[in-house]
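All remarks here apply to the structure that follows.
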Amino acid sequence: MNRFFFLPLAARSLMNRRVTALLTLFAIALSVMLFLGVEKIRLGAKESFDNTISGTDLIVGARSGSVNLLLYSVFRIGDATNNITWESYRAFAEHPDTAWTVPISLGDSHRGFRVMGTTGAYFEHYQYGQRRPLEFGEGAPFEDVFDAVLGAEVASRLGYELGDAITLSHGIGETSFANHENKPFRVAGILKRTGTPVDSTVHVPLEGIEAIHLGWESGARSPLAALYTPERVRQMELQPAEITAFFMGLKSRIAALKVQREINQYKSEPLQAVIPGVALSQLWRVVSVAETALTSIAAFVVFTGLLGMLTAIMTSLNERRREMAILRSVGARPWMIFALLMSEAALLALAGALCGIAAIYTALTAARSFIEAQLGIFLGALQPGLYDLYLILAVVGAALLLGLFPALRAYRNSLADGLTVRV
Amino acid sequence: MSRRLAHSPAGETAIAVQDLTFAWPGGAPVLDIPELHIARNEKVFVEGPSGSGKSTLLGLIGGVLTPARGKVMLLGQNLGALSAAGRDRFRAEHLGIVFQMFNLLPYLSLIDNVILPCRFSLRRREAALAATGTLTGEARRLLAHLGLKDEALLRRPVTQLSVGQQQRVAAARALIGGPEILIADEPTSALDARAQGRFLELLIEECERAQSALVFVSHDTALSRFFTRTIALPEVNRAAQAPEEEGA
């Protein structure tokens, strides 16, 4: 006698109840899909988050908190508490360990998108992901004071093309009543999508920021502002007195700690330098609560799927007492009835987990470019791995644990019923 | 031929019961049979209304119940001397059982239903193979003997068979591998009179051919004419004074 005779029997018994079985399988597959989907997106999000900025050794701004500095300089969230002087910037730009620096100036906006003043060096040195440089989809870096380079999201959402004129607003509200309409900018370039906050940024030259604020020194437009026409401004020396922050690349990464300390102890002005990786992981720790919550919810959904299976098997038991009596009459031992029900639970969970895994990988592969472009989440390699094997084992293990209930019940029933067919 | 007799005529003993009593835990005895013999070549009709202890007797002979006292001997083997596993194995090897109705597993094909006992008993598997060469062949042979040979019918899902056809499939299953004892528990109660007669003739014919003892349990005394001997359970069972003891 084949000791595993109950596996084909279980499979065929399930086939006989295919509607319930398929629904149960579907519920398990869906829950496994959700769990794995959440997990992949979570990992992808973390990965993408870590990859928001790369190749930059230090970010320097006014002294506040490292997370705050990271938020406004890289994620365009929140504001700087203070600016830093051009002199301080130059002091470190000319530091012997410095390879390059990119100054940035924030504070203006265009229809809800942040405007960042910077230099051409930004397009050369700023990197994201695995040290990927910024690439132009169309056009080129700015040449004129009133040139603007748009992030991909800005261009696509607002429908801008090269050569379009845009007006910047003072401050960062969605609708601003203080517009710099007398000095429009021309779209000179549109960057390729990066999946980082760069996509939602309008880049203009530092001199452009300086130019539109001539006559705005009090914080609002003065009658003088009208005197500074674009033609006149182009003739002026537009060296900014202050910038918001700057990115710094060092000749050797080993120097990062030393330079960081020097900046933090800079006497002339309270400055703060952060190492992007360190600040990112500090920030991620804030987010990780949500991350844990998401994973636990997904795990509970898998558990719910398995509970559905338990219900389905439990409810089938009474109508299957005859089946058990028949099996007993031809010589099945009670433990075989037990094994039959356990294998049903295992088969359902295994098939459900496999379908779920296959489905989520198919779905993620299909939606990959969409997810990467729209959510900025890079999913990495999408091949089933050891993790998925563990997931299958966990799901089947949990199913077997839950399957103990109906299996033990059927075992006891079959002992009590014997050869009497009870309905 | 004398009727309503508890003793079998001479011949090899298939079933021997001695001083058998059985009670459900905490209850009064529901079965108390001093003596009962059924020989290998017998076709016995066990008659009794519900509550006379039929199902209990069946459970004891099938080895799924253990007696409070006394013994059940099948083919010379004392079931009480066997473990639960041993009794299950003994049942698989030597007993064919047909129930009242719905005998078939709905998820197995007709042929697979018939060869089901061969999955549990090596002995019956080998006997079936020795008879025809393949399990399927033996199943077809038995089904043909029982009047089921239409190929289209054999391919039909068992749930689409008539009750009479289902009972014949169940009989073929009980007979495959030639078990020495065949127990039928009211197998004809869902059939009309003509189908009952036809079914019984075929069943008895096949038991003769296989040389199996047939124990046919029913409350329908009209059927006793087909059998060599009738045992009236209420007369044999001293505990059967109060019916309704098992709610079957």
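A note on names: the letters A, B, ... follow the listed sequences, proteins ahead of strands, and every chain is numbered from 1.
- Between the side chains of A:S288 and A:E291, no donor-acceptor pair of N or O atoms lies under 3.5 Å.
- At a 4.5 Å heavy-atom cutoff, B:I183 makes no contact with chain A through either its backbone or its side chain.
- A side-chain donor-acceptor contact under 3.5 Å links A:R17 and A:S13.
- In terms of heavy-atom pairs under 4.5 angstrom with chain A, the leader among B:L95, B:L116, B:L108 is B:L108.
- When heavy atoms are compared at a cutoff of 4.5 Å, B:R124 does not approach chain A at all.
- For the residue pair B:N103/B:Q167, the side-chain donor-acceptor check at 3.5 Å is satisfied.
- Contact count against chain A (heavy-atom pairs under 4.5 Å) is highest for B:P106 among B:G96, B:G63, B:G62, B:P106.
- Ion pair B:E186/B:K54 flagged as a salt bridge, since at least one NZ, NE, NH1 or NH2 atom sits closer than 4.0 Å to an Asp/Glu carboxylate oxygen.
- Listed options B:L65, B:D112, B:L58 were ranked by heavy-atom pairs under 4.5 angstrom with chain A; first place goes to B:D112.
- Between the side chain of B:R69 and the main chain of B:T21, no donor-acceptor pair closer than 3.5 Å is present.
- Contact annotation for A:R328: both backbone and side-chain heavy atoms come within less than 4.5 Å of a heavy atom of chain B.
- Looking at B:A174, neither its backbone nor its side chain comes within 4.5 Å of chain A, counting heavy atoms on both sides.
- Side-chain atoms of A:R333 do not come within 3.5 Å of backbone N or O of B:R89 as any donor-acceptor pair.
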